[in-house]
Amino acid sequence: MYPARTWLSRSFSNISSHPLRVCVVGSGPAGFYTAEKMLKAHQGAEVDIIDRLLTPFGLVRSGVAPDHPETKIVINQFTRVVQHERCSFFGNVTLGSSISLAELRELYHVVVLAYGAESDRDLGIPGEDLSGIHSAREFVWWYNGHPDGKNLNPDLKSTDTAIILGQGNVALDVARILLRPTTELATTDIASHALAALNQSSIRKVYLVGRRGPVQAACTAKELREVLGIKDLYIHIKEVDLLKSSEDEEVLKNNRIQRRVYELLSKAATSGNSHSSSGQGELHFVFFRKPACFLDSGTGHVAGVHFEKTVLKGVGPGKQVAVGTGKFEDLDCGMVLKSIGYKSVPVDGLPFDHQKGVVPNASGRVLTDALGDQTLLEKGLYVCGWLKRGPTGIIATNLYCAKETVASISQDLEQGTLAAVTSLPKPGREGLLQLLDDRNVRIVPFSGWEKIDSEERRLGSLRNKPREKLTTWEDLLKVGTE
Amino acid sequence: MLVSRLSRIGVQTVKQLARGMCTSLCRTGFLQTPYSQCRQPWFELHTDPKAFQGTLFQKHYLFSSTASGSDIGDGSERKEMISVTFVDKDGEEKHIKVPIGMSMLEAAHEHDIELEGACEGSLACSTCHVIVMDVECYNKLEDPTDEENDMLDLAFGLTETSRLGCQVIAKPELDGIRLAIPAATRNFAVDGYVPKPH
């Protein structure tokens with residue numbers, strides 16, 4: 001079925017006298033996989049990838065932890081995509097300010113939005129704006145040298161205790177960066193300002209707090225194994241938290257990830273010392289706690305978290321939620337990192353489901369109606385990645401996500417629903433560059449990134465790091481446009 | 001690529017014999033996998049899997065050595081290549097020869113077989129996920145390490161005989177191995193996706 005479709009749309013693109021102009025907004029995994037699949041499926045398509053940053057690769061650059069270099073190897077594949085003769089990258093182009101969505105849709109036959117999730121979910125509890133409370137996203141951007149993350153300057157010197165709310169992989173990444181010996185981080189591509197701050201950090205005790213139990217923990221085995229394996233780290237898990245209900249047993253029976261995570265946690269709970277020695281790093285897994293409010297030190301700085309104890313309540317097969325018990329407990333700390341989820345941000349003229357935090361879509365086709373009426377489509381507008389399905393999954397998830405969106409585009413081309421859009425030539429790349437030039441937007445092409453890349457590698461080689469990231473807009477622009 | 005008749009018969013035999021063993025898989029893990037030949041006949045051929053293991057191994061061994069012998073005339077190459085069949089998401093088969101020591105990921109890429117390899121074999125992703133179609137062959141592989149299992153946790157369409165292509169290294173005993181490339185077009189979101197019991 002699929003080859004036939006590919007063939008049809010290929011021939012469609014070929015017989016038309018003008019190229020199919022495609023713009024992908026966002027150059028993370030979702031954007032690059034979309035571009036790759038589009039180029040492959042449509043021999044007549046010209047694909048431009050734009051990004052608000054000067055550097056491509058999205059969260060592969062600014063999300064993946066510095067001590068996970070293997071995960072970043074996918075950049076090689078993405079680089080081959082953009083080096084394709086029908087593909088271009090333009091950095092420093094912001095949808096919504098450099099160019100509006102309406103303008104972009106005028107310039108291109110097909111626009112695929114894959115700009116991810118650049119904001120955070122809120123807890124909505126008192127004290128959330130105290131100083132010393134950050135989102136994990138901001139902290140990750142900071143240690144990964146994102147140009148908007150440099151100024152976070154988290155205070156790691158005034159306290160020995162940090163609380164991380166959430167137990168997903170981002171929470172584990174953050175805990176690992178806080179607790180891992182900095183000598184081991186020094187040879188990664190961690191931002192130099194972060195390495196310097198971590199070198200002087202006094203934080204040695206980290207709490208990872210979850211509303212539910214170890215059976216429901218949202219992390220995966222790899223990240224858990226890593227954090228449990230940090231040298232000379234005391235791990236604390238209350239054995240009583242590991243007790244399983246019959247519902248829990250059922251979940252473990254049916255879910256391989258959960259089962260392996262639970263086994264790792266059980267093993268960690270029973271091995272090792274029962275007490276930490278002085279000065280030793282400590283990692284505490286705290287289950288069945290829901291933050292009720294943040295405690296103020298009296299100076300507007302966070303001094304702790306007031307937690308409500310929870311129990312699990314079944315709300316359907318295999319699904320249990322945490323409900324409060326009315327019993328409370330405080331944990332003292334000097335820093336809180338909220339790792340409770342990312343959130344996408346809409347742009348003008350884009351239908352958006354604020355409740356789910358995604359663009360309403362049918363297999364990647366943007367729906368006009370935020371309530372999800374499947375019949376009203378935004379012609380020529382598609383979505384992929386976190387903006388399409390919410391901020392979950394791994395890099396490879398975007399591969400399948402992009403396949404689905406590109407299959408929708410191919411189907412629409414084939415069945416003629418895009419005929420009205422594609423029958424006329426569109427300005428595409430030339431039109432975009434003209435418009436941006438008129439507005440004095442300094443675009444950074446892929447060759448600009450290659451300059452940044454080689455400069456970063458050069459700086460890195462001086463410090464025995466794979467790269468030393470340029471972390472300010474000024475430096476990036478200077479090197480990228482010289 | 002041409003495969004000698006003998007080796008094809010060998011592969012066929014293995015396939016037939018393995019069916020009995022796969023029946024249990026079909027019930028638990030294979031139902032979601034897309035290639036249809038996996039589901040249909042195997043239910044009919046439910047025989048005690050244990051009984052097969054001995055004979056299967058011997059026969060397979062015999063065929064594999066004969067097959068590579070007749071396939072490649074040169075004696076020095078005989079021990080160095082094995083036959084591998086990739087079955088893509090549409091059920092199409094591609095027969096290739098793989099030198100001993102090479103991973104299935106590398107082999108697939110050398111022959112333009114569409115198998116992703118996002119991390120280029122560094123055990124940091126699950127995109128080169130393949131399903132070993134003969135349980136006998138699967139059992140001849142070393143058990144996956146914790147690290148490989150960590151990645152398999154995240155593979156789409158995981159089955160009981162799933163492996164990462166980068167971790168399956170060609171060795172003589174694997175001659176005739178058949179690997180299915182899973183298609184995962186539905187339920188791709190990790191949170192909505194329920195991995196099969198292992």
Side-chain angles (χ1 to χ4, degrees), chain A residues 1-4 29 32-33 36 40 60 64 68-78 168-169 218-226 229 251-261 263-264 317-318 363 385-386 388-404 407, chain B residues 28-29 32 34-36 88-92 105 109 112 114-129 144-160 162 164-167 181-198:
Chain A
M1 190 176 87
Y2 189 73
F32 264 108
Y33 278 128
E36 183 184 37
K40 208 172 227 174
V60 181
V64 173
H68 286 169
E70 325 79 43
T71 310
K72 303 187 198 204
I73 290 175
V74 73
I75 283 177
N76 296 344
Q77 190 181 339
F78 294 160
N169 281 343
C219 57
T220 58
K222 181 199 172 184
E223 271 74 13
L224 184 58
R225 197 186 302 283
E226 260 184 310
V251 169
L252 294 183
K253 208 175 89 191
N254 294 316
N255 190 320
R256 174 181 153 129
I257 300 182
Q258 236 87 60
R259 186 168 63 245
R260 297 184 72 243
V261 164
E263 280 164 9
L264 281 171
S363 303
W386 281 6
K388 169 183 168 187
R389 57 191 164 77
T392 58
I394 54 173
I395 291 175
T397 315
N398 296 291
L399 172 64
Y400 303 107
C401 195
K403 275 185 186 169
E404 187 188 60
Chain B
T28 55
Q32 272 205 336
Y35 49 95
S36 52
D88 75 11
K89 57 182 168 29
D90 301 311
E92 249 168 73
L105 173 64
H109 284 183
D112 288 325
E114 248 189 85
L115 182 65
E116 291 282 333
C119 78
E120 298 175 5
S122 64
L123 263 183
C125 78
S126 54
T127 56
C128 66
H129 170 206
T145 59
D146 283 344
E147 288 71 24
E148 184 181 348
N149 271 323
D150 288 353
M151 290 301 121
L152 283 170
D153 277 357
L154 308 169
F156 302 98
L158 189 72
T159 72
E160 309 239 354
S162 286
L164 295 183
C166 65
Q167 301 301 303
I181 300 172
T185 43
R186 273 177 222 172
N187 289 340
F188 57 81
V190 160
D191 49 341
Y193 172 72
V194 184
K196 297 287 116 189
H198 200 205

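The sequence lines fix the lettering, A, B, ..., with proteins before strands; numbering per chain opens at 1. A quick note: this is a predicted structure, and the numbers were derived from the prediction, not measured.
By the side chain to side chain donor-acceptor pair (under 3.5 Å) test, T71(A) pairs with no residue at all, sequence neighbours left out. Judged as a side chain to side chain donor-acceptor pair (under 3.5 Å), and not counting sequence neighbours, the contacts of N398(A) are R389(A).
Taking I75(A), N76(A), I395(A) one by one and counting their heavy-atom pairs under 4.5 Å with chain B, the maximum is reached by N76(A).
Panel note: side chain R225(A), backbone D150(B); no donor-acceptor pair is recorded below 3.5 Å.
Between E70(A) and C119(B) the shortest heavy-atom distance is O-CB, 3.7 Å.
Counting heavy atoms from C-beta outward, L154(B) and T220(A) have side chains that approach closer than 4.5 Å. Counting heavy atoms from C-beta on, the side chains of R256(A) and L152(B) come closer than 4.5 Å. By the 4.5 Å heavy-atom criterion applied to side chains, S122(B) and I73(A) are counted as neighbours.
With rounding to the nearest 0.5 Å, the separation of CD in E116(B) from CD in E36(A) is 5.5 Å.
There is no contact between C125(B) and chain A, counting heavy-atom distances below 4.5 Å.
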